[in-house]
Amino acid sequence: MSIMANQTADYHGDVYQWNRTVPTDERDTQMEYYLPNWTDLVLAALFCMLIVVTIVGNTLVIAAVITTRRLRSVTNCFVSSLAAADLLVGLAVMPPAVLLQLNGASWELGEILCDSWLSLDILLCSASILSLCAISIDRYLAVTQPLVYSRRRRSKRLAGLMIVAVWILAGAITSPPLLGCFPRATDRDSKKCTYNMDSSSYVIFSACGSFFLPMLVMLYVYGRISCVIASRHRNLETNEADKTTNRRTRHATLERTKSMKIRRSECTVDGDPCERTSTEGDVTSSSCKKVGIVRGHQQSCINRVARETKTAGTLAVVVGGFIACWLPFFILYLATPFVPMKLPDILMQALTWLGWINSAINPFIYAFYSADFREAFWRLTCRKCFKSQTTLNHTERKLPTPATWRKNASRT
């Protein structure tokens with residue numbers, strides 16, 4: 001005979017209440033399982049769509065850099081490192097979070113897997129953020145030191161060292177809790193898999209290393225790039241004004257020279273004007289060559305400033321998306337150990353997913369601003385589909401219809 005208990009039955013968040021008479025052993029069995037409601041299912045579906053977008057987008061970025069020779073530049077080495085980190089976020093970090101959502105925020109995979117998953121999350125997200133920082137520094141060097149940056153061997157070696165440094169720093173941010181430097185509390189709930197916020201010193205260390213210091217570097221670099229480009233724009237405008245003034249002066253000088261030629265031709269012998277004309281023609285051709293060289297240099301400067309302006313625009317969108325996605329999470333993460341009241345778990349979960357969205361939008365930022373990436377994406381996806389469909393239609397046109405086949409057979 002089971003012991004009967006009167007409890008209230010309702011579900012609010014993670015709290016179960018029972019309002020019907022249920023046997024105690026049956027109640028204990030039902031308490032072990034969580035049935036997701038429609039909100040959990042909708043959120044899980046949205047998260048799965050985000051995972052697919054993250055995986056497909058970053059895979060296309062890596063495939064585009066590998067298969068397109070024009071995209072094998074120094075900057076795109078950093079872009080590939082960023083895409084690799086974001087791809088691993090979509091493959092290894094987001095799916096367990098979906099499982100956690102469907103299981104009512106209860107972790108059922110054990111403490112070791114929980115620590116491994118959280119460490120992988122910190123490692124990959126830190127590598128993604130630091131890769132964005134490395135891209136900003138690379139663009140800063142390309143804009144402020146173009147002659148040094150144009151030496152391919154040196155720039156490729158520097159890019160390789162920076163990429164290695166990015167992953168080493170990400171590992172250094174992740175490893176202290178694994179090495180026992182910042183141990184967790186012993187009385188924590190084994191069913192809750194959350195970030196290590198038991199040590200305020202580690203929270204400050206990881207938040208500064210993963211976000212705040214890279215953010216300051218990116219903002220400083222973007223500010224310097226904007227100042228350099230603005231200065232070059234002003235120089236171009238000044239040169240254009242000087243060029244207009246020189247053109248007018250040169251035109252007036254040519255008019256005076258023509259009038260002098262006419263007067264001299266009236267006063268000199270026929271042979272002696274021929275010599276002067278040939279000499280003046282040589283001077284005119286040499287001056288035209290100089291003007292052509294100056295114009296070519298000015299056009300190259302205009303093209304360079306246009307490229308740098310486009311780079312600054314892309315970098316502004318990247319930095320803006322990065323800050324919009326990660327700043328709310330790291331503010332909450334940094335403030336949690338110092339707030340006396342317990343913050344709701346759903347807030348941390350929502351801001352964590354907001355940060356992971358940054359891994360999904362990065363490929364679209366580069367695809368939107370780079371014609372080479374757009375062409376490579378088209379070639380890797382839609383172009384192949386359309387080509388296969390066109391080939392299939394062409395093959396079907398070549399195949400004889402049954403009536404034509406019978407007609408040809410009867411003739412033979």
Derivation and outcome, side-chain contact (heavy atoms from CB on, under 4.5 Å), residues S80 and V61 = CA-CA 7 Å; S80 299; V61 169; 5.5 Å; no

Between R379 and T67, does a side-chain contact (heavy atoms from CB on, under 4.5 Å) hold up when you go through it step by step?
-> CA-CA 10 Å; R379 177 175 51 81; T67 59; 3.3 Å; yes

Check whether more than 12 heavy atoms from other residues, nucleotides or ligands sit under 6.0 Å from atom CG of L161, and answer yes or no.
-> yes

Please report the shortest heavy-atom distance between A127 and V166, naming the atom on each side.
-> O-CG1, 3.7 Å

Would you give the length of the straight line joining atom CG of N58 to atom CD1 of I55, rounded to the nearest 0.5 angstrom?
-> 9.0 Å

Decide side-chain contact (heavy atoms from CB on, under 4.5 Å) for L132 and M218; before the verdict, give the C-alpha distance in whole Å, the side-chain angles of both, and the deciding distance to 0.1 Å.
-> CA-CA 8 Å; L132 289 172; M218 293 169 69; 3.9 Å; yes

Any side-chain heavy-atom pair from L123 and S175 closer than 4.5 angstrom?
-> no

Would you call the rings of F330 and W326 parallel, tilted or perpendicular if under 30° counts as parallel and over 60° as perpendicular?
-> tilted

Do L334 and I204 touch side chain to side chain, with heavy atoms closer than 4.5 Å?
-> yes

Give the minimum heavy-atom separation between A324 and L354, together with the two atoms involved.
-> O-CD2, 4.0 Å

Interatomic distance, CG@L60 vs CH2@W378, rounded to 0.5 Å, equals 13.5 Å

Over 60° means perpendicular and under 30° means parallel, so classify the ring planes of W353 and W356, tilted if in between.
-> perpendicular

Look up atom CZ in R70 and atom OG in S370, then write down how far apart they are to the nearest 0.5 Å.
-> 9.5 Å

State, yes or no, whether a side-chain contact exists between C48 and V98 at a heavy-atom distance under 4.5 Å.
-> yes

Less than 4.5 Å apart, any side-chain heavy atom of I357 and any of T54?
-> no

Does some side-chain heavy atom of D121 sit less than 4.5 Å from a side-chain heavy atom of C125?
-> yes

When you look at L343 and M348, which way does the side-chain contact (heavy atoms from CB on, under 4.5 Å) test go after all the steps?
-> CA-CA 8 Å; L343 299 175; M348 178 62 75; over 6 Å; no

Would you say W107 and L113 make side-chain contact, with heavy atoms under 4.5 Å?
-> yes

Main-chain N/O of A170 paired with W167 side-chain donor or acceptor, under 3.5 Å = no

State, yes or no, whether a side-chain contact exists between F47 and M94 at a heavy-atom distance under 4.5 Å.
-> no

Between CG on residue N103 and SG on residue C193, distance to nearest 0.5 Å = 12.0 Å

Side-chain contact, heavy-atom cut-off 4.5 Å: C77 with I163?
-> yes

Atom of L219, atom of V319 and distance for their closest heavy-atom approach | CD2-CG1, 4.0 Å

Side chain of S231, backbone of C227: donor and acceptor closer than 3.5 Å?
-> no

Using only heavy-atom distances, determine whether the side chains of T144 and R224 contain a donor-acceptor pair under 3.5 Å.
-> no

At their closest point, which heavy atom of V53 faces which heavy atom of F364, and how far apart are they?
-> CG1-CE1, 3.5 Å

Atom pair OH/OG of Y220 and S136 - distance to nearest 0.5 Å = 13.0 Å

Ring centers of Y195, F329 separated by less than 6.0 Å | yes

Closest non-hydrogen atom pair between A64 and A376, with its separation | CB-CB, 3.6 Å

Identified side chain to side chain contact (heavy atoms under 4.5 Å, CB included) partner of I135 from the options N362, N76, L82, V318 = L82

Atom CH2 in W117, atom CG in L100: separation rounded to 0.5 Å?
-> 5.5 Å

Check: S128 side chain, L124 main-chain N or O, donor-acceptor pair, under 3.5 Å | no

Between G209 and L130, what is the shortest heavy-atom contact and its length?
-> O-CD2, 4.1 Å

Please confirm whether F211 and F322 have ring centers closer than 6.0 angstrom.
-> yes

